[in-house]
Amino acid sequence: MSPIKTRFAPSPTGHLHVGGARTALFNFLLARRTGGKFLLRIEDTDRERHVEDAVPKIIDDLRWLGLEWDEGIAVGGPAGPYRQSERLNIYKGYVRALLDAGKAYYAFETSEELDALRKQAEAEKRSFRYPRPERLPGAGDAERAAAQGRPLVVRLLNPGRDVTIRDDAFGEVTVPATEQDDFILAKADGFPTYHLANVVDDALMGITYIMRGQEFLGQTWRHVLIREALGFPEPGYCHLPLIMDMQGRKLSKRDGDVDVHSFRRHGYLPEALVNFIALLGWRPTGDREKLTLDELIAEFGVDRLGKSNAKFDRDKLLAFNTDAAAAASEDRLLAGFRDYLSLNDTPVPSGDEAMLRLLLRINAGFRTFADIVTKCGVLFAADDAFEYDAKAVEKVLRKGDGAGFAVLADLRPRLAEVDWTPQAIQTLLDGYCQSSGLGMGKVAQPIRVAVTGSTISPPIYDTLTILGREKTLARIDRCIGRFK
RNA sequence: GCCCCCAUCGUCUAGUGGCCUAGGAUAUCAGGUUCUCAUCCUGGAGACAGGGGUUCGACUCCCCUUGGGGGUACCA
């Protein structure tokens with residue numbers, strides 16, 4: 001397999017979303033798989049949509065996922081700069097060359113005029129195509145138009161032939177000449193269009209393989225035409241089926257909660273997200289579906305890509321995360337948990353490594369880091385800073401003539417004296433069960449409700465150990481005083 | 001409207017003419033383990049969109065219908 005050079009070329013409109021993450025992942029995998037290079041380029045030719053903070057966010061998201069690039073923004077390389085807004089002169093040169101070669105021409109219509117033509121075409125039930133003028137405007141016409149304050153754009157002189165794209169996922173796709181027109185290469189604001197900049201950069205940066213979302217498949221004919229007009233070598237093409245939301249709508253960047261960063265902040269592990277999105281539109285051989293990044297690199301190939309769109313199923317992602325957490329080493333989890341805590345405001349003491357490790361251990365089986373905090377946060381809150389769940393108090397403490405309160409009253413003095421270790425507390429409670437004839441459920445639950453306000457917490461011995469004797473007794477007293 | 005693409009359990013998918021009484025995962029349902037929750041274990045239910053062909057034989061090949069998606073920008 002010869003080395004392939006791929007790129008991920010996002011437009012900086014915000015955080016990386018899962019669709020972009022998958023495109024980046026597949027490009028990364030293919031480059032690694034073939035011993036090639038993976039490049040990161042920023043396509044910011046739209047000044048309207050540009051979001052200032054987006055580039056560092058995207059960089060951060062990609063690194064969190066573990067998708068390191070060999071060349072491009074933030075790491076440099078021989079073909080920079082890697083931000084299109086810093087390459088305007090390069091594009092201008094190519095547009096000039098196309099103009100000089102008679103392969104492109106000027107046009108002066110305003111957006112309003114174009115819209116009117118479009119509406120007219122629609123009314124006549126024709127599909128709109130830019131009407132090429134009988135006589136192509138030259139430099140003199142351009143000057144005159146500019147002097148009149150008209151917008152000045154450059155359009156490609158379409159050679160007018162069918163274009164066939166050989167796509168490694170979808171096969172051969174032909175766009176007939178009748179469906180094409182003289183599209184814009186250079187906008188009135190002096191910026192190139194996406195199409196022009198994209199093709200020029202891919203060629204200049206030595207990209208040999210283009211893998212991107214299927215939304216570009218129907219536009220690839222434009223890229224083919226530009227590339228041929230400029231005499232650039234032909235790259236391989238591969239379009240990816242789209243990722244949809246559960247309603248079947250296209251996953252949108254406006255959906256903030258499908259951002260990679262949002263999953264990070266909600267306590268997901270990057271390896272789980274990577275593994276999960278790798279399976280959207282691609283499948284490894286066999287029934288196996290849990291793969292590490294390295295295994296993905298070893299397995300990846302465009303031959304196992306699908307063609308139909310995939311829906312983003314959060315439930316399955318959650319299950320993947322649960323499994324990934326269970327499979328991760330404690331050190332790995334510690335790093336992830338710290339990252340999670342640094343991104344969220346929680347009562348958990350993030351600086352206490354021993355405590356963090358303990359929380360990780362006693363919460364084994366957790367689904368996301370967020371679960372640990374919801375379950376254990378109350379242990380770090382002030383004694384009067386949490387609420388009692390009314391139903392829990394009723395069911396566990398009051399029910400059966402206040403049986404739960406009786407247990408608390410029995411245990412209160414013993415807890416005041418026992419050694420404060422999980423083992424000692426367990427021995428105490430086991431002994432109490434024996435002598436009282438009660439099951440552990442009847443003993444642990446009243447304590448749990450008294451000290452946490454709810455029926456949910458880590459194992460009772462661990463819960464009490466973390467809480468400490470003083471807080472445990474104070475909370476029991478407060479609970480009895482308030483509800484009995 | 002026009003152009004293009006797609007079509008197996010709710011979801012992600014395996015399946016490349018006979019290995020399919022259609023497999024796995026997830027979700028779901030029913031049990032089980034457990035001091036609660038989560039985890040974990042066992043079992044169940046659940047799909048080839050419809051109609052025509054081709055073939056000795058179609059989930060697999062062809063056509064039509066239907067459904068879904070994308071494109072049709074001086075957005076990427």
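Residue numbers begin at 1 in each chain, while the letters A, B, ... track the order of the sequences.
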Assign each of A:Leu317 and A:Ala9 to its nearest nucleotide of RNA chain B by heavy atoms, then name whichever residue's nucleotide is nearer the 5' end. A:Leu317

Nearest nucleotide by nearest heavy atom, which residue falls closer to the 5' end of RNA chain B, A:Glu179 or A:Ala444? A:Glu179

Looking across every strand, which nucleic acid part, if any, lies under 4.0 Å from [X] by heavy atom: base, sugar-phosphate, or nothing?
X: A:Glu109; value: base
X: A:Gly286; value: nothing
X: A:Pro458; value: base
X: A:Ala186; value: nothing
X: A:Thr45; value: sugar-phosphate
X: A:Pro176; value: nothing
X: A:Ile184; value: base
X: A:Arg129; value: nothing
X: A:Thr455; value: base
X: A:Ala188; value: base
X: A:Phe183; value: nothing
X: A:Glu122; value: nothing
X: A:Asp323; value: sugar-phosphate
X: A:Asp371; value: nothing

When the [atom1] atoms of [M] and [N] are compared, how many Å lie between them, rounded to an integer?
N: B:C2; M: B:C9; atom1: C1'; answer: 36 Å
N: B:G1; M: B:G50; atom1: C1'; answer: 26 Å
N: B:G68; M: B:G52; atom1: C1'; answer: 22 Å
N: B:C20; M: B:U60; atom1: C1'; answer: 11 Å
N: B:U65; M: B:C48; atom1: P; answer: 23 Å
N: B:G46; M: B:G10; atom1: C1'; answer: 9 Å
N: B:A25; M: B:U33; atom1: P; answer: 23 Å
N: B:A45; M: B:G51; atom1: P; answer: 25 Å

Could you give the [atom1]-to-[atom2] distance, from [X] to [N], as a whole number of Å?
X: A:Glu172; N: B:C5; atom1: CD; atom2: P; answer: 12 Å
X: A:Tyr194; N: B:G71; atom1: OH; atom2: C1'; answer: 13 Å
X: A:Leu464; N: B:C35; atom1: CG; atom2: C1'; answer: 11 Å
X: A:Asp462; N: B:U36; atom1: CG; atom2: P; answer: 14 Å
X: A:Leu196; N: B:C75; atom1: CG; atom2: P; answer: 12 Å
X: A:His195; N: B:U72; atom1: NE2; atom2: C1'; answer: 11 Å
X: A:Leu438; N: B:C35; atom1: CG; atom2: P; answer: 13 Å
X: A:Asp201; N: B:A76; atom1: CG; atom2: P; answer: 13 Å

Where the side chain of [X] is defined as all heavy atoms beyond and including C-beta, which of [options] is the nearest nucleotide?
X: A:Gln219; options: B:C75, B:C3, B:G70; result: B:C75
X: A:Arg367; options: B:C35, B:A76, B:U39; result: B:U39
X: A:Asp287; options: B:G24, B:C74, B:U26; result: B:G24
X: A:Ser11; options: B:U36, B:A76, B:C4; result: B:A76
X: A:Ser127; options: B:G1, B:U11, B:C75; result: B:G1
X: A:Lys316; options: B:A76, B:G24, B:C2; result: B:G24
X: A:Ile460; options: B:C35, B:C74, B:G69; result: B:C35
X: A:Phe170; options: B:U11, B:C5, B:G69; result: B:C5
X: A:Phe128; options: B:G10, B:C74, B:A73; result: B:A73
X: A:Glu289; options: B:A25, B:A76, B:U36; result: B:A25

A:Phe216 ring center within less than 6.0 Å of A:Tyr194 ring center: yes

Within the 6.0 Å centroid threshold, strictly below: A:Phe300 and A:Phe26: yes

Taking the cut-offs as 6.0 angstrom to the six-membered ring centre and 45 degrees off its axis, would you call A:Lys375 and A:Phe366 a cation-pi pair? no

Classify the side chain of [X] versus the base of [N] as yes if they form a donor-acceptor pair under 3.5 Å and no if they do not.
X: A:Arg448; N: B:C35; answer: yes
X: A:Asn309; N: B:G70; answer: no
X: A:Lys307; N: B:C5; answer: no

Carboxylate-amine/guanidinium proximity below 4.0 Å for [X] and [Y]:
X: A:Asp201; Y: A:Arg87; value: yes
X: A:Arg83; Y: A:Glu86; value: yes
X: A:Arg41; Y: A:Asp202; value: yes
X: A:Asp46; Y: A:Arg49; value: yes
X: A:Lys290; Y: A:Glu271; value: no

Scanning all shown strands, the Watson-Crick or wobble mate of B:A7 with both distances under 3.5 Å is B:U66

Any strand, both distances under 3.5 Å, Watson-Crick or G-U wobble: B:C2 pairs with B:G71

Measuring to OP1 and OP2 of [N], would you say a side-chain N or O of [X] lies under 4.0 angstrom away?
X: A:Lys311; N: B:U11; value: yes
X: A:Lys187; N: B:C75; value: yes
X: A:Arg49; N: B:A76; value: no
X: A:Arg304; N: B:G15; value: yes
X: A:Arg150; N: B:C74; value: no

Would you say A:Glu143 has more than 12 foreign heavy atoms packed within less than 6.0 Å of its CD? no

Got a second to check how far A:Lys471's NZ is from A:Ile466's CD1, nearest 0.5 Å? 12.0 Å

